[in-house]
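Just below is one structure, and these are the notes that go with it.
These numbers come from a predicted model, not from an experiment. Lettering of chains follows the sequences in order, A, B, ..., and the numbering in each one begins at 1.
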There are 2 protein chains.
Amino acid sequence: MQEQIQKILKHNQLSVTGGRTKILELFLAQDDALAHADIERKTGEKFDRVTVYRTLQTFLEKGIIHSIPTSDNSVKYALCKDNCSEGHHHDHHVHFMCSVCGKTLCIDEVSVPVVNLPEGYKVEQIQMIVTGVCKDCA
Amino acid sequence: MQEQIQKILKHNQLSVTGGRTKILELFLAQDDALAHADIERKTGEKFDRVTVYRTLQTFLEKGIIHSIPTSDNSVKYALCKDNCSEGHHHDHHVHFMCSVCGKTLCIDEVSVPVVNLPEGYKVEQIQMIVTGVCKDCA
DNA sequence: TAAAACTTGCAACTCTGTTGCAAGTTCTTG
DNA sequence: CAAGAACTTGCAACAGAGTTGCAAGTTTTA
Ligand SMILES: [Mn+2]
Ligand SMILES: [Mn+2]
Ligand SMILES: [Zn+2]
Ligand SMILES: [Zn+2]
């Protein structure tokens, strides 16, 4: 895992630091999306809030992670599977929020369907957020 | 318009007050969704921030308005066209955010498409947020 | 019209996110 | 490998969004 982490950071021209390594480790070990607060909690308050904010910001810019707008309007983050870059993601999957366990999941198997808007609208990006009960909570 | 406003408020067992009337008036006169800040600005600082928060909260609870999670993670609000109630909206339309003018619009003509998730997921609600260029900015 | 029920504004507070800066760490290059 | 350049971090201070309790004001009911 440490090797993979180094590879990801170097590939994105980022210096390998304790904070970045730890946070990337969390993402790799997690199957659901993480909120800023989850990360602060899981790092055991080992890093300053500001460092966590800046690290997430950096990872977003490099396309290492993507942000997920949740229906309750908090932000969550998840790893990008492909080689994305900021504003240029090519993993256009559906996001799922479980109303029982609260987990937010990337449903990689399902692409966001195309939708036809009325004449005159130019579509650039589509986001789909499904709420319901996940596999584990069923 | 004042009659319509009174009717809506009374129908939802809400007392008719200056703040509620004014805010509902704003929604009725507007074709795009409003953020909290828009409302504060448009009421000309005539009402306390807290009153605006509480009024939006009340309107949400009664199903007079619905909230729209935007992709930049701010919240906007728009009138419900049908008789909705909190958590029981039956106007499942697509939302559009224009990247030029910044307007957020309810596209009533387009329903959110059904999507098939993998085995085991139970779908309760689907939200679709389309980003692009609107009719007026094309 | 008076009392009951509800709404409002204010002050105080929490929570989230941002910025400038100095100290510390990582990277580069000879 | 060492020294300096480049970058990252923590801290303090701050700004903005949202919440709460409470007393004063308004609306509703009867
Ligand atoms: Mn995702
Ligand atoms: Mn809408
Ligand atoms: Zn679940
Ligand atoms: Zn536009």
Side-chain angles (χ1 to χ4, degrees), chain A residues 2-3 5-26 33-62 64-65 67-77 86 102 104, chain B residues 2-3 5-26 33-62 64-65 67-77 86 102 104:
Chain A
Q2 295 306 309
E3 262 175 48
I5 291 172
Q6 290 220 359
K7 207 180 112 199
I8 296 173
L9 292 176
K10 293 222 165 110
H11 178 256
N12 286 283
Q13 295 124 282
L14 293 176
S15 25
V16 179
T17 67
R20 287 174 181 167
T21 303
K22 181 68 198 164
I23 292 176
L24 202 39
E25 199 176 303
L26 286 180
L34 292 167
H36 175 97
D38 298 326
I39 295 167
E40 273 196 75
R41 191 158 18 74
K42 298 205 182 214
T43 51
E45 284 89 34
K46 202 166 169 302
F47 304 101
D48 193 85
R49 283 172 347 104
V50 178
T51 302
V52 176
Y53 279 115
R54 291 200 268 226
T55 303
L56 290 173
Q57 194 50 52
T58 304
F59 286 1
L60 275 180
E61 277 160 17
K62 295 294 187 176
I64 298 172
I65 58 175
S67 70
I68 308 171
T70 63
S71 61
D72 65 328
N73 250 86
S74 59
V75 203
K76 296 208 169 185
Y77 304 91
E86 189 177 30
T104 299
Chain B
Q2 296 306 310
E3 262 175 49
I5 290 172
Q6 290 220 357
K7 207 180 110 199
I8 296 172
L9 291 176
K10 294 224 165 111
H11 177 257
N12 287 283
Q13 294 123 283
L14 293 175
S15 27
V16 179
T17 67
R20 287 174 181 166
T21 303
K22 181 69 198 164
I23 291 175
L24 203 39
E25 199 176 304
L26 286 179
L34 292 167
H36 175 96
D38 298 325
I39 295 167
E40 274 197 75
R41 191 159 17 75
K42 298 205 182 217
T43 50
E45 285 89 34
K46 203 167 168 302
F47 303 101
D48 194 86
R49 284 173 346 104
V50 178
T51 302
V52 176
Y53 280 116
R54 292 200 267 226
T55 304
L56 290 173
Q57 195 48 53
T58 304
F59 286 2
L60 275 180
E61 278 161 17
K62 295 294 185 173
I64 298 172
I65 59 175
S67 70
I68 308 170
T70 62
S71 61
D72 65 329
N73 250 84
S74 59
V75 204
K76 295 208 170 185
Y77 305 90
E86 189 176 31
T104 299

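- Spacing between atom CD of Glu40(B) and atom P of dA17(D) amounts to 8 Å, rounded to whole angstrom units.
- Put simply, CZ on Arg41(B) is 11 Å from P on dA17(D), counting in whole angstrom units.
- The interatomic distance linking Phe47(B) (CZ) with dG18(D) (P) rounds to 19 Å, in whole Å.
- In this structure, the CD atom of Glu61(A) is 14 Å from the C1' atom of dT8(D), given to the nearest Å.
- Between Asn12(B) atom CG and dT27(D) atom P there is a gap of 19 Å when expressed in whole angstrom units.
- Sorted by first and then second residue, the pairs that involve residues 34-44 of chain A and meet salt bridge (charged side-chain N to carboxylate O under 4.0 Å, His left out), not counting sequence neighbours, are Asp38(A)-Arg41(A).
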Enumerate the protein-to-nucleotides 18-27 of chain C contacts in which both atoms are nitrogen or oxygen and the separation is below 3.5 Å.
{"from": "dC27(C)", "atom 1": "OP1", "to": "Val16(A)", "atom 2": "N", "distance (Å)": "2.7"}

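- Checked by atom type and distance alone, the side chain of Arg20(A) pairs as donor or acceptor with a backbone atom of Ser15(A) at under 3.5 Å.
- No side-chain heavy atom of Tyr77(A) sits less than 4.5 Å from a side-chain heavy atom of Ile23(A).
- Where Asp48(B) and His36(A) meet DNA chain C, the nucleotide closest to each residue was compared, and Asp48(B) sits on the side nearer the 5' end.
- Remark: Glu3(A) CD is loosely packed, at most 12 non-hydrogen atoms of other residues, nucleotides or ligands lying under 6.0 Å away.
- Side chain of Thr51(B) to main chain of Phe47(B): no donor-acceptor pair is present (N/O by atom type, distance under 3.5 Å, no hydrogens or angles).
- Looking only at distances, no side-chain donor or acceptor of Lys76(B) sits under 3.5 Å from a matching main-chain atom of Leu34(B).
- Across the protein-nucleic acid pair, Lys46(A) atom NZ and dT9(D) atom P stand 11 Å apart, rounded to whole Å.
- The separation between Lys22(A) atom NZ and dT8(D) atom C1' is 19 Å, rounded to whole Å.
- Rounding to whole angstrom units, CD1 of residue Ile23(B) and C1' of dT8(C) are separated by 12 Å.
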